[in-house]
Amino acid sequence: MARMTFREAISQALREEMYRDERVFIMGEEVGRWGGTYAVTRGFLDEFGEKRVRDTPIAEGVIVGAAAGAAIAGLRPVAEIMTINFAFLAMDQIVNHVAKLHYMFDGQITCPVVIRTVGGGGRQLGASHSQSPDVVFAHFPGLKVVAPGTPADAKGLLKAAIREDDPVLFIEHATLYQVRGEVPDDEDYLVPIGVSDVKREGRDVTIVSYSKMLQISLEAAERLVQEGIEAEVIDLRSLRPLDTRPIIESVQRTNRVVVVEEGWRSYGVGAEIASRVMELAFDSLDAPVRRVAQAEVPLPYNRRLEQMALPQVDDVVRAVKDVLYL
Amino acid sequence: MAEVITMPKLGFDMAEGTLIEWVKGEGDEVGEDDVIAIIETDKASVEVPALRSGVLRALLVKEGQTVPVGQPIAIIGAADEEIDLEALGVTEAAPEAEAGEVEEAVAPPPEAPPAVERGRLAVSPVARRMAEELGIDLTRVRGTGPNGRIIKRDIEAYLREMEKAPEKAPPPIPTPSHAPAPEGIQVEPMTPMRETIGRRMVESKQQAPHFYITYEIDMEAAMALRQELNALLPEDERISVNDLVIKAAAIALREFPRLNASFAGDEIHIHEQVNIGIAVAREVGLVTAVIRDCDRKPLAQIAREARELVRRVREGRMRPDDMVGSTFTISNLGMFGVEEFAAIINPPQAAILAVGAVRRVPVVTEDGELAVGARMKVTISADHRVTDGAEAARFMQAFKRALEEPLRLVL
């Protein structure tokens with residue numbers, strides 16, 4: 001185990017997979033000469049050469065489309081879309097082609113593309129560069145959508161995504177890159193896609209979250225301890241496939257659920273979780289499921305307003321007390 | 001994480017139990033399913049298993065103490081874990097009542113205001129489920145959730161209150177008043193078990209409209225088959241007449257599931273499993289022990305399980321599972337030479353089978369000759385709210401056929 005940042009963990013996963021499998025290559029805006037917008041691929045161009053580290057034009061549809069073609073032809077591209085906000089430009093390639101090729105060609109071809117992209121707000125980048133539309137992509141069957149919340153999961157999930165034959169959208173939160181944690185050194189350290197994880201055990205309430213909101217939820221859980229409330233925190237890690245088993249098992253013990261997501265509330269991840277809890281654990285509920293989510297506005301540029309709109313530790317603490325009727 | 005072990009509910013009418021023995025002590029390590037305590041209900045002594053492994057960190061009730069169903073009796077956890085009783089929901093110190101001590105009459109619990117004046121009760125799903133499992137009348141629980149919604153903590157509070165002031169049993173059916181026992185009469189107090197049997201049987205006879213159908217069954221072939229089978233089996237695996245009866249009833253119940261049913265107010269619950277309860281006499285009273293899935297188990301297995309069950313009942317060491325979940329009862333007094341009798345239905349079941357002795361009797365053969373045959377009289381008591389005479393008779397025919405063509409029992 002080594003202690004490293006989320007950024008280093010991603011970088012290490014990519015490097016290890018590129019050494020392990022010659023077919024793996026990376027492509028995207030600024031991934032080569034600049035070393036990646038978030039400095040994840042710094043040094044890769046010198047290390048692996050232009051054939052495997054390819055700078056592309058600013059043309060998202062082309063990036064994903066070319067990656068799909070390369071994947072069909074037998075390579076294993078890791079395409080980078082600088083932010084998830086720009087993935088809308090490649091929406092047709094992602095949801096109409098990459099996600100469906102295997103199915104539409106009767107399993108005769110596979111499309112092992114990993115699309116790495118960066119989501120989330122909180123850095124004063126304005127309404128169109130700060131969104132968390134994770135659920136939009138998770139809505140489409142055929143595409144796996146993962147969003148790690150810790151450095152260790154980032155490494156294990158990215159390696160699993162690269163080895164996966166189905167296309168994977170890999171969402172990294174912009175404000176997680178500096179977060180540090182223990183990361184296994186093992187080159188075959190994989191975190192399976194589609195398995196939720198109990199990050200903290202507790203008996204009073206179940207908090208379900210993922211990505212950046214996992215960190216917020218863990219902080220809230222720490223604060224709740226001081227008031228004698230033990231929160232169980234479950235990290236989804238993967239939005240599709242969605243693993244509900246640990247949530248249901250937890251709710252059967254705690255009888256209360258709070259879902260914390262950075263995206264907007266309406267039609268969101270929290271809505272999906274709430275619905276599944278109703279379907280699978282109705283008899284265990286003592287209070288309606290509470291959702292903590294972003295204010296339903298385009299995210300403000302102004303720092304204070306932006307922070308007000310994003311879910312904060314206080315919001316989670318309040319929601320937990322609500323479902324405990326405190 | 002530490003977990004609370006509570007007084008188990010071992011029957012739908014069990015309200016409290018007495019902890020008669022701690023098999024494990026504080027600080028003992030226990031494995032999953034290890035017996036940690038023996039509990040006496042008004043029906044039997046029952047072993048309480050640990051539902052998980054760990055260390056028994058705290059015993060919350062003393063030996064001899066009687067506590068209501070659902071009250072914490074022990075804490076199980078890791079060896080080094082800090083135990084916060086309050087956080088585990090164990091708020092009250094365990095009551096100090098000692099064994100044998102007569103509980104002082106307490107004022108009846110204050111009647112809680114109804115959760116809502118009219119209309120539908122607001123109850124959280126988990127609270128509703130708990131109330132159902134514990135047999136709590138929700139209209140007596142005060143809801144403290146939004147708009148008076150009854151939530152989990154209200155049920156827990158209600159249970160604590162009941163524990164402080166145990167709910168009095170409904171007033172007994174008036175009986176002629178007795179003068180103080182005159183001389184020459186030995187006075188024996190009613191045991192809890194006798195009280196329970198009495199209450200349940202009164203309930204059954206008063207509420208369930210019983211009707212009875214008696215059949216005489218030719219046991220010649222069944223007795224011959226039993227002899228043949230037992231010649232192949234070691235002494236301790238022999239098959240009894242009752243085992244044949246259980247299997248025959250299971251076969252017939254599969255065919256007539258409405259007799260494998262419970263009366264549930266405005267509904268009839270037809271059970272998918274055929275779990276046959278066998279009435280076993282103990283010195284202190286009667287216990288019904290359950291053999292599950294009798295329609296699916298081979299005869300030899302039924303015989304084995306029945307023998308083991310009876311042994312546990314006689315030794316007073318029943319397990320919780322042994323007592324609950326029967327869907328049909330068989331009472332056999334054949335071993336006492338009883339020719340025939342009618343049993344009282346074990347509520348909420350739909351029927352009970354009363355089995356007499358196999359007797360050698362004169363019979364008229366098909367050719368009109370007089371001969372000696374083996375006959376057994378069996379009476380079904382059935383609840384007319386659930387079934388009718390014709391259906392019960394058809395069930396009895398199927399039952400009779402299974403015993404008179406006994407190869408069906410070993411198929």
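None of these values were measured; they are calculated from a predicted model.
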side-chain contact (heavy atoms from CB on, under 4.5 Å) assessment of K152(B) paired with R256(A): CA-CA 11 Å; K152(B) 190 177 173 184; R256(A) 294 150 192 114; 4.1 Å; yes
Straight-line distance of I151(B) CD1 to L324(A) CG, nearest 0.5 Å: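 Separation between the atoms: 9.0 Å.
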Crowding at [atom1], [X] (>12 non-hydrogen neighbours, <6.0 Å):
X: E272(B); atom1: CD; value: no
X: H139(A); atom1: NE2; value: no
X: Q273(B); atom1: CD; value: yes
X: E182(A); atom1: CD; value: yes
X: Q307(A); atom1: CD; value: yes

Closest approach of D283(A) to R129(B) (non-hydrogen atoms, all atoms of both residues):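 Heavy-atom minimum between the residues: O-NH1, 3.5 Å.
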Over all atoms of both residues, closest heavy-atom pair of S124(B) and L285(A):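 Residues S124(B) and L285(A), closest heavy atoms: OG-O, 3.6 Å.
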Any donor-acceptor N or O pair under 3.5 Å, side chains R149(B), Y325(A):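 The criterion, which ignores hydrogens and geometry beyond distance, is satisfied for Y325(A) and R149(B).
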Chain B contact via N255(A) - which portion, at a heavy-atom distance below 4.5 Å: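 N255(A) touches chain B through side-chain heavy atoms alone.
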